[in-house]
2 protein chains.
Amino acid sequence: MTDERRGDVASVDSVLVALADPTRRQLLDLLAAQGEATATTLAERLPVTRQAVVKHLAVLDAAGLVSGSRVGREVRYAVRPAALDTTARWMAALADDWDRRLANIKRIAEAAERDSP
Amino acid sequence: MTDERRGDVASVDSVLVALADPTRRQLLDLLAAQGEATATTLAERLPVTRQAVVKHLAVLDAAGLVSGSRVGREVRYAVRPAALDTTARWMAALADDWDRRLANIKRIAEAAERDSP
DNA sequence: TGGATGTGCAACCGTAGGATTGCACATCGG
DNA sequence: CCGATGTGCAATCCTACGGTTGCACATCCA
């Protein structure tokens, strides 16, 4: 009864790694707020270079959290809820799992105490 | 209508950072499976030193994901669902936020298309 | 056509973090 | 009491990663 979730462990990993960086989270905030934006535009609103932003966007893209589409000479990035949602569900399931295990341990402990007072 | 969640951004950050490492996740798996374990015991089941495990446990402890209690000469660690649950909810709320924004953008785009065919 | 403007690529730098080793200190059990 | 077992602390090593700089290439527009 341990593993009903095995929905792409690799993707969960990449999402967690992507979200672990504060600049990347800020980037996601900006994208969610603006709908679409280019690396150059985003860099103007952050204390880092465009190149740094480009690298971060690459990581976020690899994690499926954003996706970019070319429009003329610029690349517009937008947020992608699916991967985030998957990871959120993964975490929630994990939290539930822990809760159940702890409850079970508590039950066993009480039973043992009942037997040897 | 943007910020009903502001439940300790710092703690969410530390949880994400903690979960971003695969060894740390494995450690959490082992702890959840065993209920309680010491750094020495955990190290036997992982391809790393006890010291490495100790450091990882320190990170997990700082994130509130585990907690250790001294019993004689050993320190037993156990899993803590609360912090994980908080972060799971944070992520779910964020995913919902993105979904709403994207739906809104789509709505606006369709309205604009309706006006200029 | 030519100068803005925006991307892409590559080299480089500094530091944080994952991991190891070695040893000192506490605690248990015979 | 003494050896075995378990923790704690500190120094060290190495790589990955966030960040920068510099330049070449593509695209727009006047």
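Throughout, protein chains are lettered first and strands after them, A, B, ... in sequence-line order, and every chain is numbered starting at 1. Model, not experiment: these values are computed from the prediction.
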ask   = Quick one: does B/Gln51 reach the base of D/dC9 with a side-chain donor-acceptor pair under 3.5 Å?
value = yes
Check your understanding: So does B/Arg70 get a side-chain nitrogen or oxygen closer than 4.0 Å to the phosphate oxygens (OP1/OP2) of D/dG8?
Key -> yes
Comparing nearest nucleotides in DNA chain C, the 5'-proximal residue of the pair B/Val59, B/Arg50 is B/Val59
Taken to the nearest whole Å, CD/A/Gln26 to C1'/D/dG19 is 15 Å
### Message
Using a distance-only criterion (donor-acceptor N/O pair, under 3.5 Å, no hydrogens), is the base of D/dG19 paired with the side chain of A/Lys55?
### Response
yes
Of the candidates C/dG18, D/dT20, C/dT20, the side chain of B/Asp21 sits closest to C/dG18
Check: Hey, any chance A/Val59 and A/Leu16 share a hydrophobic cluster, counting ILVMFWY side chains that come within less than 4.5 Å of each other, even indirectly?
Finding: no
From CG of A/Leu57 across to P of D/dG18 the rounded distance in Å is 13 Å
Heavy atoms only, 4.0 Å cut-off, all strands: where does A/Arg76 land among base, sugar-phosphate and nothing?
nothing
* Asked: So does A/Thr23 get a side-chain nitrogen or oxygen closer than 4.0 Å to the phosphate oxygens (OP1/OP2) of D/dC17?
  -> no
For the pair B/Asp29 and B/Arg25, find out whether any cationic side-chain nitrogen is under 4.0 Å from an anionic carboxylate oxygen.
no
- prompt: Would you say C/dG17 has OP1 or OP2 under 4.0 Å from some side-chain N or O of B/His56?
  reply: no
Examine D/dG19: is either OP1 or OP2 under 4.0 Å from a nitrogen or oxygen in the side chain of A/Thr49? Give yes or no. no
Item to check | Close side-chain approach of A/Met91 and B/Leu19, heavy atoms under 4.5 Å | outcome: yes
Nearest-nucleotide check on DNA chain D, A/Val48 vs B/Glu74; residue mapping nearer the 5' end is B/Glu74
Counting only side-chain nitrogens and oxygens, does B/Thr40 get under 4.0 Å of the OP1 or OP2 atom of D/dT5? no
note: B/Leu16, atom CG; C/dG17, atom C1'; distance rounded to Å ~ 17 Å
What I want to check is whether an N or O donor and acceptor connect the side chain of A/Arg73 with the base of C/dG8 at under 3.5 Å.
no
Per side chain to side chain contact (heavy atoms under 4.5 Å, CB included), A/Leu57 is matched among A/Val53, A/Val54, A/Asp61 by A/Val53
- Between the side chains of B/Asn104 and B/Arg101, does any donor sit under 3.5 Å from an acceptor? no
